[in-house]
Amino acid sequence: MPTHGEKITVDSTGKLNVPDNPIIPFIEGDGTGPDIWNAAVRVLDAAVEKAYKGQKKIAWYEVYAGEKAFNKYGEWLPNDTLKAINEYLVAIKGPLTTPVGGGIRSINVALRQELDLYACVRPVQYFKGVPSPVKHPELTNMVIFRENTEDIYAGIEWSADSEEVKKVIAFLQNEMGVKKIRFPETSGIGVKPVSQEGTSRLVRAAIQYAIDNNRRSVTLVHKGNIMKFTEGAFKNWGYEVAEKEFGDKVFTWAQYDRIAAELGKDAANKAQEEAEEAGKIIVKDSIADAFLQQILTRPAEYDVVATLNLNGDYISDALAAQVGGIGIAPGANINYVTGRAIFEATHGTAPKYAGLDKVNPSSVILSGEMMLRHLGWTEAADLVISAIEKTISSKQVTYDFARLMEGATELKCSEFGDALIKNM
Ligand SMILES: NC(=O)C1=CN([C@@H]2O[C@H](COP(=O)(O)OP(=O)(O)OC[C@H]3O[C@@H](n4cnc5c(N)ncnc54)[C@H](OP(=O)(O)O)[C@@H]3O)[C@@H](O)[C@H]2O)C=CC1
Ligand SMILES: O=C(O)CCC(=O)C(=O)O
Ligand SMILES: [Mg+2]
């Protein structure tokens with residue numbers, strides 16, 4: 001526990017009360033986590049110091065998860081860590097390792113589920129000068145709202161050959177009339193829960209964000225043609241919450257379809273144009289595969305994106321690549337009702353670079369920038385953004401950008417942190 005500092009609290013509307021010395025738990029993370037965290041914490045402290053001249057200061061509180069927790073306490077996710085984040089509300093973390101095909105389940109997912117951080121918010125914006133694989137990266141400017149607690153990602157699955165999977169298969173075949181499990185003897189089975197409550201709160205947060213931030217549209221991305229009662233329901237429930245709760249502030253493609261059926265397409269087009277002119281948020285939808293090609297061919301048509309857990313995972317890395325890669329892709333896991341939030345980069349532990357002081361710390365620094373904004377410390381957040389813009393435009397960058405940039409100076413992870421502080 002830090003010896004100085006006070007708790008952040010939340011009122012009944014979800015609004016945070018932030019003291020000048022908030023206690024903020026952090027998890028350093030596995031793999032490259034310590035490299036990027038050490039750079040990030042210096043940059044965030046410098047931004048706060050510069051913006052508020054010592055009037056405000058974060059009291060960092062280290063809490064443990066992942067390998068560090070296991071080595072220290074024999075547990076991957078100690079209960080005390082959950083208790084601390086539960087109590088102090090706002091936290092930040094580095095990436096944590098999840099083994100593939102066996103071993104422990106994701107601690108990242110467990111944190112989101114245990115603390116009910118239902119919205120994974122990942123802004124994707126282009127910083128001038130960042131090397132990108134597309135011709136016009138500046139046209140990509142989206143904010144992903146990924147449902148964070150449900151879907152096939154919930155981790156409800158049974159391995160092939162287990163007693164449990166035999167029971168589930170027998171139940172499906174004998175009681176549910178499922179005839180099309182092709183290789184029942186050797187199948188593993190996963191379950192995909194998607195609820196109306198889970199969908200509504202996520203879509204509500206996405207639309208509210210669009211309204212508060214003067215965005216033009218919210219696109220519900222789903223694979224509802226194939227998974228009708230999960231992803232298709234997500235789309236239908238999404239439109240329902242938009243129309244029921246946001247009334248005059250939105251125009252949905254469900255409304256468009258109703259007008260087109262009754263009065264024809266011209267009338268529907270006119271209604272949408274009028275809505276756009278009136279500054280209403282257009283709530284539309286896209287099937288996930290088509291969406292993934294259109295974000296490359298027509299990125300300017302998409303703005304805020306609301307989607308399910310697995311789609312959101314894939315879409316975040318794909319969109320991050322478009323604006324320069326996951327070295328510069330921040331994110332937050334938020335519950336807008338309880339005020340709890342954990343900020344974290346989109347990328348993982350990048351184990352091959354662990355301890356080399358090499359990787360780009362921008363993703364976790366920009367996650368910290370989102371955190372500062374979440375606290376209402378916008379002056380400090382703005383300083384982080386301007387320092388990143390200035391440093392990248394002077395071509396002082398880490399390996400990931402340097403390998404694609406002509407005339408760049410390659411900096412170590414810690415040196416990039418130093419450069420940001422200098423350029424603040
Ligand atoms: N929220 C979390 O904690 C997450 C955890 N993970 C976990 O991380 C582990 C590793 O996952 P993996 O699939 O390899 O994905 P990673 O995101 O860790 O790494 C994939 C590649 O992305 C690039 N990259 C990642 N981080 C950075 C950075 N800071 N700066 C520059 N480039 C970066 C590197 O590309 P290049 O090789 O081209 O240099 C790297 O090889 C797994 O256990 C996974 O479960 C994954 C995602 C999120
Ligand atoms: O939890 C993990 O290991 C991976 C999670 C992930 O890829 C993500 O949330 O983007
Ligand atoms: Mg991911």
Side-chain angles (χ1 to χ4, degrees), residues 26-40 65-69 76-77 91-114 117-122 124 130-131 133 144-155 307-321 323-334 342-368 388 392 397-405 410-414 416-417:
F26 71 93
I27 295 167
E28 198 176 49
D30 300 330
T32 48
D35 303 55
I36 56 178
W37 174 251
N38 287 331
E67 283 154 21
K68 201 165 176 183
W76 296 99
L77 180 54
I92 184 164
K93 68 178 274 294
L96 295 168
T97 305
T98 314
V100 176
I104 55 159
R105 289 215 164 264
S106 168
I107 301 161
N108 307 303
V109 172
L111 281 165
R112 298 166 193 167
Q113 288 177 335
E114 291 288 332
L117 307 174
Y118 60 84
C120 179
V121 183
R122 291 179 165 172
V124 185
V130 171
I144 302 161
F145 276 72
R146 162 193 180 192
E147 202 291 321
N148 222 12
T149 61
E150 307 191 332
D151 196 5
I152 196 79
Y153 229 89
T307 191
L308 299 100
N309 208 338
L310 181 63
N311 297 340
D313 189 10
Y314 296 158
I315 290 167
S316 338
D317 277 36
L319 276 175
V323 294
I326 49 182
I328 193 156
N333 306 287
I334 305 181
I342 301 181
F343 293 79
E344 68 173 341
T346 291
H347 62 66
T349 56
K352 67 184 174 190
Y353 299 120
L356 300 183
D357 191 18
K358 184 175 173 82
V359 294
N360 193 341
S362 298
S363 302
V364 75
I365 291 171
L366 286 169
S367 304
I388 289 211
I392 291 172
V397 290
T398 43
Y399 86 100
D400 49 330
F401 291 175
R403 68 189 169 186
L404 298 167
M405 248 179 178
E410 181 175 330
L411 301 182
K412 291 180 179 174
C413 176
S414 57
F416 184 74

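Counting starts at 1 for both ligands and their atoms, in listed order. Along the sequence shown, residues carry numbers from 1.
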Counting heavy atoms only, which part of Arg112 comes closer than 4.0 Å to ligand 2: side chain, backbone, both or neither? side chain
Could you grab the distance from atom CD of Glu28 to atom CD1 of Ile36, nearest 0.5 Å is fine? 10.0 Å
Name the closest protein heavy atom to atom 5 (C) of ligand 2, giving the residue it belongs to and the distance to 0.1 Å. Tyr153 OH, 3.4 Å
Treating Thr32 as the side-chain partner and Thr349 as the backbone partner, does any N or O pair qualify as donor plus acceptor under 3.5 Å? yes
Would you say the side chain of Pro133 lies within less than 4.5 Å of the side chain of Leu404, judging by non-hydrogen atoms? no
Classify the ring geometry between Phe26 and Trp37 as parallel (under 30°), tilted (30 to 60°) or perpendicular (over 60°). parallel
Check Arg122 against ligand 2 and report side chain, backbone, both or neither, counting heavy atoms closer than 4.0 Å. side chain
Out of Asp400, Thr346, Val359, which one pairs with Ile326 under the side chain to side chain contact (heavy atoms under 4.5 Å, CB included) rule? Thr346
Would Thr98 count as being in polar contact with ligand 2, using the rule that some N or O on each side must be under 3.5 angstrom apart? yes
By number and element, which atoms of ligand 2 are closer than 4.0 Å to a non-hydrogen atom of Asn108? 1 (O), 2 (C), 3 (O)
By the salt bridge (Lys or Arg N to Asp or Glu O under 4.0 Å) test, which pairs, at least two apart or in different chains, include something from residues 101-113? Arg105-Glu157, Arg112-Glu344
Neighbour list for ligand 1 [protein residues, heavy atom under 4.0 Å]: Lys93, Pro95, Leu96, Thr97, Thr98, Asn108, Arg112, Ile326, Gly327, Glu344, Thr346, His347, Gly348, Thr349, Ala350, Pro351, Lys352, Tyr353, Val359, Asn360, Tyr399, Asp400, Arg403
Please report the interatomic distance CG(Asn360) to CD1(Ile365), rounded to the nearest 0.5 Å. 7.5 Å
Is a side-chain donor-acceptor pair under 3.5 Å present for Asp357 with Ser414? yes
For a quick test of reading the model, state the closest non-hydrogen atom pair linking Asn333 to Asn148 and the distance between them. OD1-ND2, 2.8 Å
Looking only at heavy atoms, is any part of Arg146 under 4.0 Å from ligand 2, and if so is it the side chain, the backbone, or both, or is it neither? side chain
Minimum heavy-atom separation for Ala329 and Ala320, please, with both atom names. CB-CB, 3.7 Å
Considering only the protein, which heavy-atom contact is closest to atom 7 (O) of ligand 2, and what is its distance? Asp313 OD1, 3.3 Å
Report the nearest protein non-hydrogen atom to atom 1 (O) of ligand 2: residue, atom name, distance rounded to 0.1 Å. Ser106 OG, 2.6 Å
Report for the Mg ion (ligand 3), protein N, O or S closer than 2.8 Å, by chain and number, lists Asp313 OD1
Between Pro131 and Phe401, the two heavy atoms sitting closest are CG-O, 3.6 Å
By side-chain contact (heavy atoms from CB on, under 4.5 Å), which residues pair with Ala65, not counting sequence neighbours? Ile27, Leu77, Leu96, Ile107
